[in-house]
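These notes concern the structure reproduced below.
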Amino acid sequence: MTEKITEPSRQTPVLALADVLVVGGGPAGISAAIGAADAGASVIIAERYGFLGGIPAICNMEPSSWCRQKDTVMPGGVQALLEQKMLACGAAEKPLFEPSASYNYDTETLKFVIDELLEEHHITPIYHCLVTEPYMEDDSMKGVFTESKSGRQAILAKRVIDCTGDADIAAQCGAPFEKCSLGGDEKENMMYGTLIFGASNVNVPKVRENLKEHPEMLDRIRHEFISDGFSKARENHYPIPPHGFQNQIIFNRMTQGEVTAINRVRVPVDGNDVLSLTEAEILSRKEALDTLELLRRYEPGFEEACLRHFAAAVGIRETRRIVGDYQLTMEDITGERQFDDSVGVYPVCMDGPKICRAALTGAHFQIPYRIMLPQGIENLLVAGRPVSATKDATHTTRGVDFCMITGQAAGIASALSIQKKVPVRDISIDLLQKNLQQQGVQVF
Ligand SMILES: Cc1cc2nc3c(=O)[nH]c(=O)nc-3n(C[C@H](O)[C@H](O)[C@H](O)COP(=O)(O)OP(=O)(O)OC[C@H]3O[C@@H](n4cnc5c(N)ncnc54)[C@H](O)[C@@H]3O)c2cc1C
């Protein structure tokens with residue numbers, strides 16, 4: 001549809017004011033909020049759903065640090081803080097995939113733990129609040145417009161951090177970005193979306209028994225569960241549902257009688273397009289139920305399995321990436337590059353459709369501050385999945401822990417730029433690095 005209408009102009013009520021506004025409460029957003037608050041700023045975090053946590057909480061994505069092994073160099077900071085809290089609540093457990101040094105989170109308790117973290121750090125959350133547009137004066141961000149059950153309102157802030165996962169705000173400001181297409185070639189194709197779902201009434205001891213007998217079913221590098229049900233289905237000429245892995249499912253946690261998050265569905269989806277998202281949700285639910293039927297027929301332990309739940313929404317792996325003051329490349333990652341404006345270290349690991357590398361050694365690179373600075377816009381930082389990186393580098397930069405470090409750095413940078421009365425581009429890198437270290441981040 002290309003038809004357009006003109007909206008009448010109107011007066012918009014201001015809902016709230018803060019030093020720093022964080023838009024989107026995923027891994028990057030919560031880290032940005034904590035980073036800014038701990039550096040002395042008043043902080044609001046606006047989130048479109050009724051809880052924080054982003055993909056891990058929306059999509060029941062349990063293994064945030066799946067790549068982590070014994071020798072992995074981790075960045076620390078909010079990621080480590082959250083992990084301690086989850087462990088203290090009994091909501092983090094070791095995965096099936098020994099010798100991984102990661103934890104799987106109970107993604108429902110995660111929502112509660114993040115509420116508590118926010119309260120402890122004096123951050124104001126605003127839930128059920130979709131941020132729709134930037135409010136700008138010339139090239140400078142002054143706040144945002146929101147839509148919610150309260151109608152259209154504005155939130156004003158001295159600095160805004162776009163943690164929407166999609167660079168929604170930066171794109172609306174006119175900042176340059178790159179985005180792959182659906183159905184392009186391998187290099188240019190946007191990654192598939194996934195609706196995770198859970199199964200109840202599973203005979204968990206039988207699943208464990210089968211795993212013991214067939215240890216080859218656990219792919220220790222990819223953390224995938226190679227299901228023998230798929231080969232049995234194939235032998236019996238049972239049609240494998242087409243929109244997902246053809247030989248395996250991924251799951252990480254089993255409770256009594258439940259496999260809490262099954263990751264198999266792969267659907268084409270443009271996460272910036274409401275009609276594409278609608279199609280993806282509908283297609284995914286069918287695919288998930290067809291998967292469950294296959295498991296019921298052919299996977300030992302799943303004979304009586306029932307649908308436990310669908311995740312709250314289809315999970316989006318990739319949309320926009322800003323073109324920032326620097327673009328991180330795969331060569332920077334594999335070459336373990338160091339940067340003068342490092343905001344944290346990150347292990348050399350990757351997770352893409354054709355590439356998978358866990359952090360089996362201590363190899364690591366440094367993350368430059370400039371990947372968070374959108375070109376041509378003042379008072380705005382972008383953290384998380386859409387930071388400035390080449391397509392192939394996103395197999396590393398989309399990792400939850402990577403997103404958290406960029407968030408924490410953007411939060412501190414915003415607070416410092418207000419205190420020092422300088423644009424975010426002109427803050428002292430030395431001061432930023434010192435603040436990051438004080439907040440427990442390994443910068444070098
Ligand atoms: C199915 C799936 C499995 C994955 N598995 C792994 C894995 O095993 N390990 C790993 O490290 N990574 C994994 N990832 C990748 C990882 O989850 C994401 O890259 C990461 O969560 C991105 O963090 P983020 O904070 O940038 O964005 P998100 O997690 O997407 O969070 C963005 C937040 O912003 C909110 N938001 C968006 N737009 C607006 C708006 N306009 N107004 C208000 N709020 C808004 C969203 O609701 C959301 O809460 C997986 C991703 C998917 C989809």
Side-chain angles (χ1 to χ4, degrees), residues 21-33 45-68 79 95 100 102 104-105 107 111 114 125-134 144-148 155 161-172 191-197 222-224 250 252 261-267 269 271-272 280 284 311-321 346-347 349-352 356 358-359 372 382-387 394-407 410:
L21 169 68
V22 178
V23 183
I30 58 170
S31 307
I45 184 164
E47 165 59 46
R48 68 176 154 164
Y49 289 113
F51 53 85
L52 299 180
I55 297 285
I58 300 163
C59 306
N60 309 122
M61 198 283 284
E62 296 170 337
S64 293
S65 307
W66 72 269
C67 70
R68 196 159 118 205
Q79 177 273 325
S100 168
S102 64
N104 292 316
Y105 288 167
T107 56
K111 299 171 187 170
I114 297 173
I126 304 180
Y127 294 161
H128 295 288
C129 181
L130 180 72
V131 175
T132 52
E133 275 172 66
V144 297
F145 293 103
T146 66
E147 294 281 351
S148 69
I155 302 176
I161 310 177
D162 181 339
C163 295
T164 59
D166 297 317
D168 281 358
I169 309 305
Q172 293 237 22
M191 265 185 275
Y192 285 111
T194 293
L195 182 71
I196 289 181
F197 65 99
R222 287 201 72 104
H223 280 214
E224 281 172 10
I250 302 175
N252 298 276
I262 297 175
N263 173 342
R264 169 184 178 264
V265 173
R266 294 287 181 277
V267 290
V269 58
N272 303 142
S284 298
V314 66
I316 302 300
R317 289 187 173 78
E318 179 183 356
T319 53
R320 306 181 186 103
R321 281 165 281 124
Y346 195 72
C349 59
M350 286 129 216
D351 180 15
C356 189
M372 288 174 270
V382 175
R385 196 169 67 221
V387 293
T394 62
H395 301 324
T396 302
T397 58
R398 73 189 191 89
V400 164
D401 299 341
F402 185 97
C403 294
M404 293 186 88
I405 280 299
T406 60

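All values reported here derive from a predicted model rather than from experimental measurement. One-based numbering, in listed order, for ligands and for the atoms of each.
By the 4.0 Å heavy-atom criterion, Gly407 is excluded from the residues contacting ligand 1. Under the 4.0 angstrom criterion for non-hydrogen atoms, Cys59 is not in contact with ligand 1.
For ligand 1, the atoms lying closer than 4.0 Å to a non-hydrogen atom of Ile58 are 47 (O), 48 (C), 49 (O). Distances below 4.0 Å separate heavy atoms of Gly54 from the following atoms of ligand 1: 29 (O), 31 (O), 48 (C), 49 (O). Listed by atom number, the atoms of ligand 1 under 4.0 Å from Gly384 heavy atoms are 26 (O). Ligand 1 places these atoms under 4.0 Å from at least one heavy atom of Cys163: 32 (C), 33 (C), 34 (O). Residue-ligand proximity, Gly399 to ligand 1, at heavy-atom distances under 4.0 Å covers atoms 11 (O).
Atom 3 (C) of ligand 1 has its nearest heavy-atom neighbour, among Arg398, Met61, Arg48, Met404, in Met61. Selection from Asn60, Val131, Asp166, Val265 by nearest heavy atom to atom 42 (N) of ligand 1 gives Val131.
At least one N or O atom of Glu47 sits closer than 3.5 Å to an N or O atom of ligand 1.
The protein atom (non-hydrogen) at minimum distance from atom 25 (O) of ligand 1 is Ala28 N, 3.0 Å. Considering only non-hydrogen protein atoms, atom 1 (C) of ligand 1 sits nearest to Arg317 NH2, 3.4 Å.
With a heavy-atom cut-off of 4.0 Å, Cys67 does not touch ligand 1 at all.
Listed for the Arg48 side chain is no donor-acceptor partner under 3.5 Å among the backbone atoms of Leu130. In this structure a side-chain-to-backbone donor-acceptor pair under 3.5 Å is missing from Asn252 to Asn104.
With no hydrogens or angles considered, a side-chain donor-acceptor pair links Arg266 and Thr194 at under 3.5 Å.
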